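Since we're looking at a predicted model, the values are computed, not measured.
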Amino acid sequence: SFDCIGPLARSARDCARVLAMIAGEDAADVTASRRPVPDYEAALDGDLSGMRIGVVGGPFVEDASDAVRTRLDDALAVLAGRGARVEPVTLPLAKEIAAYSAVASRVEVAAQHAAWMQERAGDYAIHVSARMYPGYAIPGVCYVTAMRQRGAVLEAFCREAFAKVDVLAMPTLRRTPPTIAESDVDAGVEGAVEAFLSLSANTRAVSYLGLPAISVPMGLDDNAMPTGLQLVGRPFAEERLLRIADAFQRDTAWHRARPAALAPAMADAPH
């Protein structure tokens, strides 16, 4: 239930076009919304006048790398230049969301891998299996509670978080992607646990709540590794998120940048 389905494309405009084709009512999926699908691309006018963007602080940025912080500040300046009003916000119910999401995700992952964990546990990396074993010890009542509270927490979160802003902004990753060696938990590398956990730290809460979000490239660090700007909105706010992402890409070219290590491969790729 933490899976996030959506377009992966070269630009916000391409995402808008793909989303228009895959969104909406589906007779084969009883969970699909029956809301009319907006004309996402028509909303991409580049104008962010009056748009209120809340910059999330606290644990979502406090241990972010200098490169990520710098790129985030630059990105917010671009949005402000397009007419958006940028202001700091603190997310409500952070502890509750962290607790419930930890229970739900551990149980679901353990259930998904149950057969292989019984037959082929040795094929898993130690740090991966170690994260799944607790899922088998969590009482069913705790999982049910975490799922039942999801709707109530979502409602309370939206009521408070979006009381004064239209969307939330934060880094997609607090650090640029670590190398395999830097994140080798099983080898006991210093800082590896933190590097590994940081990869989903800023997206986990959004996935638990089921809120729409978009990640936009916002620059490269000194090692040419990518950084991302995550924009989060109320349920069914995809049109607004795409509008902001497109406005950002009108004044930047980060979505067209390529890491130097990929240059030879990109040169040989068909166009």
Side-chain angles (χ1 to χ4, degrees), residues 1-6 8 56-73 75 91 94-95 97-114 116-117 120-138 169-208 213-232 254-255 257-266:
S1 69
F2 283 70
D3 290 352
C4 179
I5 299 173
L8 177 64
V56 180
F60 291 87
V61 294
E62 63 186 13
D63 61 347
S65 67
D66 291 340
V68 169
R69 287 177 179 272
T70 298
R71 292 306 183 193
L72 177 63
D73 290 341
L91 293 189
K95 292 182 179 180
I97 293 173
Y100 288 138
S101 64
V103 169
S105 63
R106 284 179 183 269
V107 171
E108 290 182 0
V109 170
Q112 183 70 22
H113 290 262
W116 282 359
M117 283 290 286
R120 303 172 55 182
D123 291 346
Y124 288 89
I126 296 175
H127 69 277
V128 175
S129 58
R131 294 180 69 199
M132 286 193 283
Y133 280 125
Y136 299 112
I138 295 176
M170 68 190 80
T172 306
L173 298 181
R174 299 176 189 176
R175 311 175 186 181
T176 48
T179 63
I180 293 176
E182 292 171 339
S183 58
D184 192 347
V185 178
D186 296 344
V189 176
E190 184 178 357
V193 173
E194 291 77 11
F196 183 80
L197 295 178
S198 70
L199 296 176
S200 61
N202 280 13
T203 57
R204 195 178 302 119
V206 181
S207 295
Y208 172 74
I214 187 170
S215 179
V216 185
M218 64 176 183
L220 306 175
D221 70 0
D222 294 339
N223 294 318
M225 296 300 290
T227 63
L229 171 65
Q230 179 177 221
L231 301 168
V232 183
W254 294 118
H255 57 295
R258 298 290 181 270
L262 295 181
M266 296 300 296

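Summarising the geometry of Tyr124 relative to Ser129, their closest heavy-atom pair is CB-CB, 4.1 Å, with the distance given to 0.1 Å. Contact between Tyr133 and Ala121 at its shortest, heavy atoms only, is OH-CB, 3.9 Å. Contact record, Met117 with Met132: SD-CE, 3.5 Å, taken as the closest heavy-atom pair. Heavy-atom minimum distance, Gly57 versus Val61: CA-CG2, 3.7 Å. In terms of heavy atoms, Pro171 sits closest to Val68 at CB-CG1, 3.6 Å. Taking all atoms of both residues into account, the shortest heavy-atom contact from Pro226 to Pro177 is O-CD, 3.6 Å.
Put simply, the side chain of Arg71 gets close to the backbone of Leu220: a donor and an acceptor are under 3.5 Å apart. In terms of modelled atom types and a separation under 3.5 Å, the side chain of Arg106 and the main chain of Arg131 share a donor-acceptor contact.
Atoms CE and CG, from Met170 and Leu91 in turn, are 5.5 Å apart once rounded to the nearest 0.5 Å. One finds the CD atom of Glu108 at 11.0 Å from the OG atom of Ser101 (value rounded to the nearest 0.5 Å). Between atom CD of residue Glu62 and atom CZ of residue Arg69 there is a gap of 8.5 Å, rounded to the nearest 0.5 Å. A distance of 5.5 Å separates NE2 in His127 from CG in Asp186, rounded to the nearest 0.5 Å. Atom CG in Asp221 sits 11.0 Å away from atom CG in Asp66 (nearest 0.5 Å). Distance CZ/Arg174 to OG1/Thr227: 15.5 Å, rounded to 0.5 Å.
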Go through the steps to decide whether Leu229 and Leu72 satisfy the test side-chain contact (heavy atoms from CB on, under 4.5 Å), and finish with yes or no.
CA-CA 7 Å; Leu229 171 65; Leu72 177 63; 3.7 Å; yes
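The environment of CG in Leu197 is crowded: more than 12 heavy-atom neighbours from other residues, nucleotides or ligands sit within 6.0 Å. When the shell of 6.0 Å around CG of Asp73 is examined, it contains more than 12 heavy atoms from other residues, nucleotides or ligands.
Taking the side chain as every heavy atom from C-beta outward, Gln230 and Val206 approach each other to under 4.5 Å. Arg204 has its side chain out of reach of Ile97: every pair of non-hydrogen atoms, C-beta onward, lies at least 4.5 Å apart. No side-chain heavy atom of Leu173 sits less than 4.5 Å from a side-chain heavy atom of Asn202.
Aromatic ring orientation, Phe2 versus Tyr208: tilted (interplanar angle from 30° to 60°).
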